[in-house]
Amino acid sequence: MAKIATWNVNSVKARLSHVVDWLKEAAPDVALLQELKCIEENFPLMEFEDAGYSAVLAGQKAYNGVAILSRTPLEDITTRLPGDDTDDQARYVEAVTKLNGRMVRVASIYLPNGNPVDSEKFSYKLRWMGRLKNHARELLRLEEPVVLGGDYNVIPEDGDVWDPARWRDDALFRMEVRRKFREILNLGYTESYRALHSEIGHYSFWDYQAGAWQKDNGLRIDHLLLSPQAADLLAACEIDRTPRSKTKPSDHTPVWCELAI
DNA sequence: ATGCCGGGCGAAGCCCGA
């Protein structure tokens, strides 16, 4: 069994002890991290190596930043999402690794937030999703197990947000965004959590403010998308609420899946 | 509740997140 997890850590330096503890307890084979908020030179590589992981990343000062941690060597590394050479935001890293003898391609994705919806940020989000769709289509041609995991900043359905009416016009829930997300799924990708769980009201993010965690006012916006070759191996997918319950947590909590290899 | 937390930056208060 191979376990692949995704977690927006909201600063890898501020969250280092949490992340190391989680790696030891949850023991994923591959961990996809987002919002590192640091450049590559400041990434705490040694601490992760001590925990048994190698890492590749796309870093950026203060904002964004994505990494892949793996117990097995990472190859064929891509640190940019194709489709716009002028886009310098560190939101995509992809690599291949061998898990129990099977090559699996993984990507760590930090999709733009897009708020406010009447700004350039929203059109950037939609363009970014279009580029992701194009790249996801290309990856299908390889006919290999692919896991596109990360903070998608997309609430797929009403049952994935605590108050759908209130979120209707938010960039995470706007119909254009949900439609674009479905277009990616319709290429042939499976959203791991929803494939195995029909129940609603299970979240991966809770705002720091207004007691959102205590009231369970959350959003499900962190997703693991699987190519058909990966989806055929899907054995489990769960949300691990433990890291969000700790002191000084990230506002996101990890989501993981297991592939039967 | 478009800023009530929280992080980065940089050394006070602003930008940003979702």
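Naming: A, B, ... by sequence-line order, numbering from 1 per chain.
Distance CG (A/D251) to P (B/dC16): 17 Å, rounded to an integer number of Å. Rounded to an integer number of Å, the gap from NZ of A/K125 to P of B/dC16 is 16 Å. Put simply, CG on A/N217 is 15 Å from P on B/dC5, counting in whole angstrom units. The interatomic distance linking A/N64 (CG) with B/dC15 (P) rounds to 17 Å, in whole Å. Following rounding to the nearest Å, A/N42 (CG) and B/dG7 (C1') show an atom-to-atom distance of 15 Å. Between the CH2 atom of A/W206 and the C1' atom of B/dG17 there is a distance of 17 Å, rounded to whole Å. Per the geometry, OH belonging to A/Y152 stands 19 Å off P belonging to B/dG17, to the nearest Å. Spacing between atom NZ of A/K248 and atom P of B/dC5 amounts to 12 Å, rounded to whole angstrom units.
For the pair A/R178 and A/F173, the distance from NZ or CZ to the six-membered ring centre is under 6.0 Å and the angle to the ring normal is within 45 degrees. With a 6.0 Å cutoff to the six-membered ring centre and a 45° limit on the axis angle, A/R91 counts as a cation-pi contact of A/Y110. Cation-pi check for A/R174 over A/F122 is met; the charged atom lies under 6.0 angstrom from the ring centroid and within 45 degrees of its normal.
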Quick one: which protein N/O atoms are closer than 3.5 Å to N/O atoms of nucleotides 1-4 of chain B? Pair and distance per line, please.
from: B/dG3; atom 1: N2; to: A/Q209; atom 2: NE2; distance (Å): 2.7
from: B/dG3; atom 1: N3; to: A/Q209; atom 2: NE2; distance (Å): 3.1
from: B/dC4; atom 1: O2; to: A/A210; atom 2: N; distance (Å): 3.4

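Residues A/R141 and A/E138 are paired through a salt bridge, judged by an N-O separation under 4.0 Å between the basic side chain and the carboxylate. We find that A/D160 and A/R194 are joined by a salt bridge, their nearest charged nitrogen and carboxylate oxygen being less than 4.0 Å apart. At a threshold of 4.0 Å, the pair A/E41-A/K61 does not count as salt-bridged, since none of the basic side-chain nitrogens sits closer than that to a carboxylate oxygen. By the 4.0 Å N-to-carboxylate-O rule, A/R244 lies too far from A/D251 to be salt-bridged with it.
For the P atoms, the distance from B/dG6 to B/dG10 is 23 Å, rounded to whole Å. Taking the P atom of each, B/dC15 and B/dA1 are spaced 23 Å apart, rounded to whole Å. Nucleotides B/dG13 and B/dT2, compared at atom P, are 25 Å apart to the nearest Å. Rounded to the nearest Å, the gap between the C1' atom of B/dG7 and that of B/dA12 is 16 Å.
Within the 4.0 Å cut-off from OP1 or OP2 of B/dG6, not a single side-chain nitrogen or oxygen of A/R15 is found.
Counting non-hydrogen atoms under 4.0 angstrom, A/D163 reaches nothing in the nucleic acid. Contact annotation for A/Y110: backbone-only contact, meaning every heavy-atom pair under 4.0 Å involves sugar-phosphate atoms and none involves a base. Within the nucleic acid shown, A/D222 has no heavy atom closer than 4.0 Å to any nucleic acid atom.
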Discussion item. Does A/E94 form a side chain to side chain donor-acceptor pair (under 3.5 Å) with A/Y92? I'd like the steps, not just the answer.
Written reply: CA-CA 7 Å; A/E94 176 189 317; A/Y92 188 88; 2.6 Å; yes
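Sequence order on DNA chain B of the closest nucleotides to A/P249 and A/K121 puts A/P249 first from the 5' end.
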Fill in: Where protein sits on nucleotides 8-14 of chain B, one letter per nucleotide: B base, S sugar-phosphate only, - none, heavy atoms under 4.0 Å
SS-----
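Atom CD1 of A/I200 is surrounded by 12 or fewer heavy atoms from other residues, nucleotides or ligands within 6.0 Å.
A/P73 approaches A/T97 most closely through the heavy-atom pair O-OG1, 2.7 Å.
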